[in-house]
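Here, residue 1 is the first one in the sequence, and each next residue gets the next number.
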Amino acid sequence: MTSNLIVGLETTFCQDLPSKLDKLYEERISCIVAPLFHPRFRRDANVISDNRDGPETRSDLVLDSRGWTSSVVGLLSTWVDFDSSCELIRLTAEKVFKQEIAWASHLSLAAVMTPSLHATRSNANYARLLNQAATQAQYTQFWVKVPLYYPGKFDEDDPSFVETWEGWNSLRSMCEYNSKIYVALEITADLPDKRILDRWLGEPIAAVIIPTEIFLTNKKGYPTLSKMHQKFFLQLFQHKIRYFIKGRPYHHGRYLPYVQYLEHLWSTRSSCSDAKADFEAPYLDYLQAPLQPLMDNLESQTYETFEQDPVKYQQYEIAITQALADTPKDKVSIVMVVGAGRGPLVRCSLRAAEKAQRTIKMYAVEKNPNAVITLRNMKISEKWDNVKIIASDMRVWKAPEKADIMVSELLGSFGDNELSPECLDGAQAFLHENGISIPCRYTSFVAPISSSKLWNEVKSLKSVQSTHLKNFETPYVVRLHQIYSFARPQPCFTFDHPNRDTIIDNRRFHQLSFEVQENGVLHGLAGYFDSVLYGDTCISINPETLDLSPGMFSWFPIFFPLRTPLQVREGDLIDVCFWRQVGGGKVWYEWTVGINNTNWSPIHNPNGRSYWIGL
Ligand SMILES: C[S@@+](CC[C@H](N)C(=O)[O-])C[C@H]1O[C@@H](n2cnc3c(N)ncnc32)[C@H](O)[C@@H]1O
Ligand SMILES: *[C@@H]1O[C@H](CO)[C@@H](O)[C@H](O)[C@H]1NC(C)=O
């Protein structure tokens, strides 16, 4: 979530940038997209300006370097044709491109806006030039101008026909998803289907261009946008994007009314002041390595973060209360919290006993010696007279009696990925044969997603120990944001507790199949989980069932990347195979993806070579 709205203006050439900028500031416009070279200054490959005496563009001295970097986006000449079949035109285009990029880089511009794609050609030479420039650039970003529709070609009957996403997709694929190449999305008066708009939200949009012509006029004579446009803008406002007005100011001859309208719309976006959104804001699309809960000991900070969740413990308290209420009134129930951490579930259990009016005797088992110190202090300060603190691994502890209710929270973003199954299978040795496990079930969910942002984040991870391959065979915990989901999540692995199978096997294999609704690029798989704590009390981070525990923020989703992005088309079936493997003191996942049961990707993470969780 960005904290403020940045509005700029796309202009035709202006010689006197400083005074233009000064005037625009008064209309609350803080940056400008302006041609780098004068549009009338045509050049060709043979005579490139050298025989002219006058300057080809305004001097760099009109602004200081801060002014250039913060207020100006350079617009490349649009009269060029990179993919012309005429060699002279093509070579001219290349020369102009290089000259203008060199000038932009001399000025240290933060971004240049590059011309729209050709509607019918391959744009291959354009891609080559852009890729070369983006690979060499230090800081400059390249914003490729893409309208939602090719101009003048909107077709009511077949709106997808002239839709522009395909052109953009080919271009950036040829540029190997270069992370310096972004979209400058130009809004059109007609909007495509919601699905197509949603797909754009998974693309790296740096800028949105808003022609003044798309505004309607309200009763008072001020500019306003259609309901459809408003909805799309509210979605765009969730991302870090700059907005550029373009065209003549039809309303009152000024830009201010347009800016005011955008500011008004911005102020109506769903308030991000709830606890969950506040908590998540800094983590949007930020990759984190999943925890190693058994091999490592969690830090105090990490516990503190869990404990801030307002919903998770509430759900546990309800579940424990229900479970206790289902026991006979006069019975003293043994409640064990296994993996007690700094004690929040012990507190939940004590409160639940009061609510259910039951007497309980408790054990709090924890293997992290540092958390045990907290528990022992709490026993005194909170007068936990009926609680015994046990410093032990639950898999090896010899309990003096059996539990009626065993409470744990060993869940990861993918349910079983923090080895809850293995830990609870060990602990159930001291669960009464009619005993209850809270949670009693958890299920992981998988959905195929597009996100060049996340894929590029994985690609750019650098560290001494890890290789490119390793980074692409590791799942990441991440608050997914700039993504497009091809289909609804489907269930993958389920675990039930207690597990009374005679031979317990926690290996799993599951094959899933998703139907693609829109052409797109598959970058990886999103993982989620839900869990039944007890009865009908659940927690969920599956986007389809968030209302089972609304406002819960303890878990972000998990992202399994693909080494190579896969182009998928409407009607294709995305096949996914997922394995949970156990062996040699380790647990790991392997995954592969195919289209229509062919074209399978290499199996990722064979034998846990890149990523595993230690038992
Ligand atoms: C995700 S934390 C939950 C902590 C606390 N119950 C809460 O809800 O805030 C899981 C805890 O289980 C502990 N744990 C994990 N595996 C364990 C094992 N095999 N034996 C004992 N404790 C374990 C970890 O040290 C950690 O404190
Ligand atoms: C996959 O199968 C669907 C349905 O039969 C078909 O429409 C689509 O063209 C196929 N895609 C490929 C890449 O073969």
task = Take S437 and Q428, measure what side chain to side chain donor-acceptor pair (under 3.5 Å) needs, and give me the verdict at the end.
result = CA-CA 9 Å; S437 169; Q428 71 180 17; over 6 Å; no

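- The minimum heavy-atom distance between L419 and G614, with the atom names listed, is CD1-O, 3.5 Å.
- Under the 6.0 Å cut-off for aromatic ring centres, F493 and F495 do not qualify, their centroids lying 6.0 Å or more apart.
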query = How far apart are the C-alpha atoms of Q581 and Y589, what are their side-chain angles, what is the distance that settles it, and do they pass the side-chain contact (heavy atoms from CB on, under 4.5 Å) test?
reply = CA-CA 6 Å; Q581 303 277 54; Y589 300 102; over 6 Å; no

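- Atom OH of Y286 has 12 or fewer heavy atoms from other residues, nucleotides or ligands within 6.0 Å.
- Residues N297 and K367 bring a donor and an acceptor atom of their side chains to less than 3.5 Å of each other.
- Between H523 and F559, the distance from one ring center to the other does not fall under 6.0 angstrom.
- Across F560, Y528, Y442, a single residue satisfies side chain to side chain contact (heavy atoms under 4.5 Å, CB included) together with F414, and that is F560.
- Side-chain atoms of S610 and T474 include no donor-acceptor pair closer than 3.5 Å.
- For F279 and F553, the gap between ring centers is short of 6.0 Å.
- Of the inter-residue distances, the one linking Q490 atom CD with T443 atom OG1 reads 13.5 Å to the nearest 0.5 angstrom.
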message = Between V337 and Y363, does the side-chain contact (heavy atoms from CB on, under 4.5 Å) criterion hold? Intermediate values first, please.
response = CA-CA 6 Å; V337 176; Y363 292 85; over 6 Å; no

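- What you find for E418 and L411 is that their closest heavy atoms are OE1-O, 3.7 Å.
- Between R347 and E382 a salt bridge is recorded (basic side-chain N to carboxylate O distance below 4.0 Å).
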query = For R342 and E307, what are the C-alpha separation, side-chain angles and deciding distance, and is it a side-chain contact (heavy atoms from CB on, under 4.5 Å)?
reply = CA-CA 9 Å; R342 304 199 307 182; E307 289 160 14; 2.8 Å; yes

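- Two rings, from F578 and F509, have their centers 6.0 Å or more apart.
- At least one donor-acceptor pair under 3.5 Å links the side chain of D309 to the backbone N or O of K312.
- Between the S531 side chain and the R441 main chain, a donor and an acceptor come within less than 3.5 Å of each other.
- The cationic atom of R508 (NZ for Lys, CZ for Arg) does not lie both less than 6.0 Å from the six-membered ring centre of W579 and within 45° of the ring axis.
- Between N169 and E203, the side chains place no donor N or O within less than 3.5 Å of an acceptor N or O (distance only, hydrogens not considered).
- Between Q315 and L548, the closest heavy-atom pair is NE2-O, 3.3 Å.
- One distance of note links CG of L615 with CZ of R395; it measures 6.0 Å at 0.5 Å rounding.
- You'll find the ring centres of W588 and Y611 outside the 6.0 Å limit.
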